[in-house]
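Below: the structure, in structure tokens.
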Amino acid sequence: MRRSATTTAISLALAAWAGAQGPRTALSAADRVQMHRANITLLTDLVNNGIALGTTDNAVGRVEACQATARAIGVALCRAAEADDGDRVIELGNHLELVVRDGLSPMLDETKLHISKESPEYVRLKKAQENAAANLDESIATAGKLGGNAKVRSLTGKLGELREKLK
């Protein structure tokens with residue numbers, strides 16, 4: 001229960017962080033609208049997934065909600081990479097690493113210990129694990145297109161290590 005509360009707190013903190021991003025100087029109205037458009041989907045997904053994570057009593061449901069959170073961040077990371085925004089890729093990648101390393105991966109490991117391999121819940125759990133690995137693969141491949149950036153290369157290495165843990 002403590003782990004799900006921690007993951008919920010992380011998700012909500014990420015949502016708040018994503019909404020507060022921006023330069024320290026005053027932005028024009030057009031820039032604020034552009035930033036809002038860039039973040040609205042991510043913010044909505046993070047809040048909804050955080051609520052789902054906090055309200056489910058099912059361990060597999062918590063894993064699925066955490067995986068959906070990681071997926072939302074991964075999609076935003078891919079969009080940033082496609083827009084050639086290396087700084088945003090790095091920021092989102094660091095958050096993706098945190099969610100997977102401190103939330104999803106330990107939650108998967110713990111849940112596997114308590115679910116019989118013959119149960120339908122185990123099938124759901126394995127599907128969530130496969131989805132998480134595929135999502136990380138997509139994020140790594142898309143971010144890798146910015147290979148000239150040393151920080152992005154380092155980030156993709158860290159995400160690759162997490163991907164191996166999800167196997």
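Starting from 1, each residue takes its place in the sequence as its number.
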Residues V47, I51; criterion side chain to side chain contact (heavy atoms under 4.5 Å, CB included); working and verdict: CA-CA 6 Å; V47 169; I51 291 169; 3.9 Å; yes

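- When each of L42, D85, T41 is tested with R79 by the rule side chain to side chain contact (heavy atoms under 4.5 Å, CB included), just one qualifies, namely T41.
- Residue C66 comes nearest to G103 through the heavy atom pair SG-C, 3.8 Å, listed as atom of the first residue, atom of the second, then distance.
- The side chain to side chain contact (heavy atoms under 4.5 Å, CB included) test with Q129 is passed by exactly one of R124, Q67, K112: K112.
- A donor-acceptor pair under 3.5 Å is absent between the side-chain atoms of S154 and the main chain of A150, judged by distance alone.
- The CG atom of D87 lies 7.5 Å from the NZ atom of K151; values are rounded to the nearest 0.5 Å.
- Pairing each heavy atom of S105 with each of R101, the nearest pair is CB-O, 4.2 Å.
- In the model, E121 has no side-chain atom that pairs as donor or acceptor with a side-chain atom of S119 under 3.5 Å.
- Checked by atom type and distance alone, the side chain of T142 never pairs as donor or acceptor with a backbone atom of S139 at under 3.5 Å.
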R71 and V75: CA distance, side-chain angles, deciding distance, side chain to side chain contact (heavy atoms under 4.5 Å, CB included) verdict: CA-CA 6 Å; R71 172 72 178 146; V75 167; 3.5 Å; yes

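- Here the closest heavy-atom approach between residue R88 and residue N39 is recorded as NH2-OD1, 2.8 Å.
- Note on Y122 and L108: same hydrophobic cluster, where clusters join Ile, Leu, Val, Met, Phe, Trp and Tyr whose side-chain heavy atoms are under 4.5 Å apart, directly or indirectly.
- Shortest non-hydrogen contact noted between A70 and L96 is O-CD1, 3.3 Å.
- Panel note: side chain T111, backbone M107; a donor-acceptor pair is recorded below 3.5 Å.
- Taking NZ of K145 as the start and CD1 of I140 as the end, the distance is 13.5 Å to the nearest 0.5 Å.
- Rounding to the nearest 0.5 Å gives a distance of 11.0 Å between OG1 of T156 and CD of E97.
- Under the 4.5 Å side-chain heavy-atom criterion for ILVMFWY residues, a single connected hydrophobic cluster contains both L166 and I115.
- Considering all non-hydrogen atoms of both residues, G86 and V152 come closest at O-CG2, 4.3 Å.
- Taking CG of L104 as the start and CG of L98 as the end, the distance is 12.0 Å to the nearest 0.5 Å.
- L53 contributes atom CG, which lies 8.5 Å from atom CG of N49 (distance to the nearest 0.5 angstrom).
- G61 approaches T56 most closely through the heavy-atom pair C-CG2, 3.9 Å.
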Evaluation steps, salt bridge (Lys or Arg N to Asp or Glu O under 4.0 Å), between R62 and E110: CA-CA 11 Å; R62 286 191 294 273; E110 183 177 324; over 6 Å; no

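- In this structure, T69 OG1 and E64 CD are separated by 12.0 Å, a value rounded to the nearest 0.5 Å.
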